Amino acid sequence: MSDRLSVFKTYKLYVGGKFPRSESGRVYEVTDSKDNWLANAPLSSRKDARDAVVAARKAFGGWSGAIAYNRGQVLYRVAEMLEGRREQFAREVADAEGLSKSKAAAVVDATIDRWVWYAGWTDKIAQVTGGANPVAGPYFNLSSPEPTGVVAVVAPQESSFLGLVSVVAPVIATGNTAVVIASEKAPLPALSLGEVLATSDVPGGVVNVLSGRTAELAAPLAAHQDVNAIDLAGADEALAKELEIAAADNLKRVLRPQPVDYFETPGIERMTAFLETKTVWHPTGSLGAGGSSY
């Protein structure tokens, strides 16, 4: 019996629900912790970044307008699909981060649990962050959260899967759409996540995944006039400062990088960071002589 040749996996970008190669045709070598070749990943260009923003904006209306409970169902479906591909992601995480099989499996399990955690928050965050405000007058004064819009996410560099999901899931759980720059040195788990999203119920364009040079992609996204916010989780201090300056041009919301233990149960800060508060006044009616309204 002759030895068969292995079928190498071809990694592609995930933009607008499709799997394009970089429009530049460029790729770069991805290696493991021992500098062994793993795959060629697409080296995204500025044009790819702009295309991803267009896709995210197109998807925003439908995703933000969906019932919060439905968004939770969609996120839970992603967790289901990840559960079915645990072994694949454990291998990719082990190679990407130099972990043992058991530690990589623990990372994947924590990542799936993180998806479920955010899925449960989709229809609860409004009750926590909104409500009725006391006012002096015959009015109802109600505040409710709304998604900011298109959010650019610089994914963590070291935590290629758990960290990635920990910054992407809260963005889309609250109705935003995302353009994600995967870890530069370990992009493969993020690119495989795009395959999971495509086979789940997540509408195309809600999450768009780019791989390549972080600084090369983050700069045009930070300056892009149709990007409403940016999460700098995976940017170093010098790059974060440059991106924050560029983001100020159209008053983007900016979440600066900070030390995070991604294994810890997250709070709601990453969800509220990309929410706007809408307050509505409504008259309750005229006050009668006895002080009652009708």
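What you see is a predicted model; the values in this text were computed from it and never measured.
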Taking the side chain as everything from C-beta on, heavy atoms only, tell me whether L191 gets closer than 4.5 Å to V209.
yes
Please examine the side chains of P147 and F60, heavy atoms only from C-beta on, and report whether any two atoms are closer than 4.5 Å.
yes
How many angstroms lie between [atom1] in [X] and [atom2] in [Y], if you round to the nearest 0.5 Å?
X	Y	atom1	atom2	result
M271	I172	CE	CD1	12.5 Å
F89	S160	CZ	OG	10.5 Å
S183	F161	OG	CZ	13.0 Å
L210	S22	CG	OG	9.0 Å

Residues that [X] engages under side chain to side chain contact (heavy atoms under 4.5 Å, CB included), provided they are two or more places apart:
X	result
E244	V254, R256
V54	none
A246	A222, A223
K58	none

Does K252 reach the main-chain N or O of H224 with its side chain, forming a donor-acceptor pair under 3.5 Å?
yes
My understanding is that only residues two or more places apart in sequence, or in another chain, count here; which of them pass salt bridge (charged side-chain N to carboxylate O under 4.0 Å, His left out) with [X]?
X	value
K124	none
R213	E184
D231	R270
E158	K185

Residues sharing W37's hydrophobic cluster, by side-chain heavy-atom contacts under 4.5 Å among ILVMFWY, directly or via others?
F8
According to a hydrophobic-cluster definition based on side-chain heavy atoms being under 4.5 Å apart (Ile, Leu, Val, Met, Phe, Trp, Tyr only), do L221 and V151 belong together?
no
Strictly by salt bridge (Lys or Arg N to Asp or Glu O under 4.0 Å), give each pair with a member in residues 162-173 just once, sequence neighbours left out.
none
Pairs flagged by salt bridge (Lys or Arg N to Asp or Glu O under 4.0 Å) wherever residues 97-111 is involved - sequence neighbours left out
R86-D109
Within 6.0 angstrom of F19 CZ, more than 12 heavy atoms from elsewhere
yes
K278 and E146 ion-paired at < 4.0 Å:
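Yes, this pair counts.
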In plain terms, say whether E216 and R26 are close enough for a salt bridge, that is, a side-chain N and a carboxylate O under 4.0 Å apart.
yes
Between the side chains of Q225 and D249, is a donor N or O closer than 3.5 angstrom to an acceptor N or O?
yes
Does any donor atom in the side chain of S143 or N133 lie under 3.5 Å from an acceptor atom in the other side chain?
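Result is yes, a qualifying pair exists.
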Start with the C-alpha distance between L239 and T214, add both sets of side-chain angles, then the distance that settles side-chain contact (heavy atoms from CB on, under 4.5 Å), and finish with yes or no.
CA-CA 9 Å; L239 179 59; T214 299; 4.0 Å; yes
Could I get the full list of ring pair (Phe, Tyr, Trp, His ring centres under 6.0 Å) partners for W63, not counting sequence neighbours?
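By the ring pair (Phe, Tyr, Trp, His ring centres under 6.0 Å) rule, W63 matches no residue at all.
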